[in-house]
Amino acid sequence: MSKQQQFSELLGQRLTAAHQETADDLMWQQLQQRINKRRRKLTLWLSSAASLAFIGILSGILYSGQIEPEPLAVSDPVYRYQLEKLDVAIQQSIIRNDHEQVERLIAQRQQLNKPQPRTYTL
């Protein structure tokens with residue numbers, strides 16, 4: 001090693017030794033408290049965001065799971081004929097101003113529109 005390198009090394013050691021200080025325990029505690037506060041805030045924000053995401057996903061699943069009532073398929077000719085017959089009778093009763101007959105016919109039509117339970121025989 002050359003004398004210049006030895007001198008530089010010795011000077012570097014003395015400079016760093018002069019500036020080395022041990023930190024107080026109080027200072028370390030304050031730093032630790034600051035770090036803990038930041039972690040708590042981060043944890044609070046993350047848990048809030050996760051909760052909102054969970055609620056959003058759950059509400060989306062529940063909303064999409066709702067079954068919309070399907071329109072009644074009028075493919076049966078007898079059923080279609082009965083509905084048309086009732087509609088004509090309702091129109092004629094309205095023209096005659098027979099309100100009681102209109103109410104009875106509408107009730108019959110609503111009863112006819114209700115899906116009937118299927119029965120199976122073995």
Side-chain angles (χ1 to χ4, degrees):
M1 231 188 203
S2 72
K3 288 188 178 191
Q4 189 176 11
Q5 287 177 342
Q6 288 176 350
F7 178 73
S8 293
E9 220 176 276
L10 182 62
L11 185 62
Q13 288 174 356
R14 287 195 179 179
L15 284 175
T16 55
H19 291 288
Q20 287 182 349
E21 294 182 22
T22 58
D24 295 354
D25 288 337
L26 179 63
M27 191 169 82
W28 280 115
Q29 288 173 356
Q30 290 174 349
L31 285 173
Q32 193 65 30
Q33 287 175 354
R34 286 166 128 185
I35 291 171
N36 286 341
K37 283 182 184 179
R38 288 182 185 163
R39 285 183 184 164
R40 275 190 242 136
K41 285 182 184 179
L42 181 64
T43 304
L44 177 66
W45 280 106
L46 287 177
S47 62
S48 298
S51 299
L52 288 175
F54 177 73
I55 289 171
I57 291 170
L58 186 63
S59 64
I61 289 171
L62 291 176
Y63 180 73
S64 68
Q66 291 179 350
I67 299 172
E68 299 274 335
E70 293 181 17
L72 200 55
V74 186
S75 59
D76 185 18
V78 173
Y79 176 77
R80 195 172 27 206
Y81 173 74
Q82 289 174 343
L83 284 178
E84 288 174 3
K85 188 175 171 185
L86 277 173
D87 287 340
V88 170
I90 290 171
Q91 288 175 357
Q92 290 173 353
S93 298
I94 290 173
I95 292 171
R96 289 191 309 251
N97 283 335
D98 190 358
H99 298 292
E100 293 174 3
Q101 180 70 18
V102 170
E103 289 177 9
R104 264 195 317 264
L105 291 171
I106 288 175
Q108 285 179 3
R109 191 173 197 295
Q110 287 174 346
Q111 187 66 29
L112 191 61
N113 274 341
K114 288 183 183 175
Q116 301 297 324
R118 296 181 182 217
T119 56
Y120 297 99
T121 56
L122 296 176

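Throughout, residue positions are numbered sequentially from 1 according to the sequence presented.
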Open item on the list: Other residues, nucleotides and ligands only: do more than 12 of their heavy atoms fall within 6.0 Å of CZ on R39?
Closed with: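 No.
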Task: Test item: S2 and Q5 side chains (from C-beta on) under 4.5 Å apart, heavy atoms - done: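 Side chain of S2 against side chain of Q5, heavy atoms only: contact under 4.5 Å found.
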- [ ] State which residue, out of I95, V88, I90, fulfils the side-chain contact (heavy atoms from CB on, under 4.5 Å) condition with Q92.
- [x]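 That would be V88.
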Just verifying a value: how many Å separate [X] [atom1] and [Y] [atom2], rounded to the nearest 0.5 Å?
| X | Y | atom1 | atom2 | result |
| --- | --- | --- | --- | --- |
| I55 | S59 | CD1 | OG | 8.0 Å |
| D98 | L105 | CG | CG | 8.5 Å |
| I106 | Q101 | CD1 | CD | 10.5 Å |
| Q108 | R104 | CD | CZ | 8.0 Å |
| S93 | E100 | OG | CD | 11.0 Å |

Open item on the list: K85 vs Y81, test: side chain to side chain contact (heavy atoms under 4.5 Å, CB included). Steps then yes/no.
Closed with: CA-CA 6 Å; K85 188 175 171 185; Y81 173 74; 4.2 Å; yes
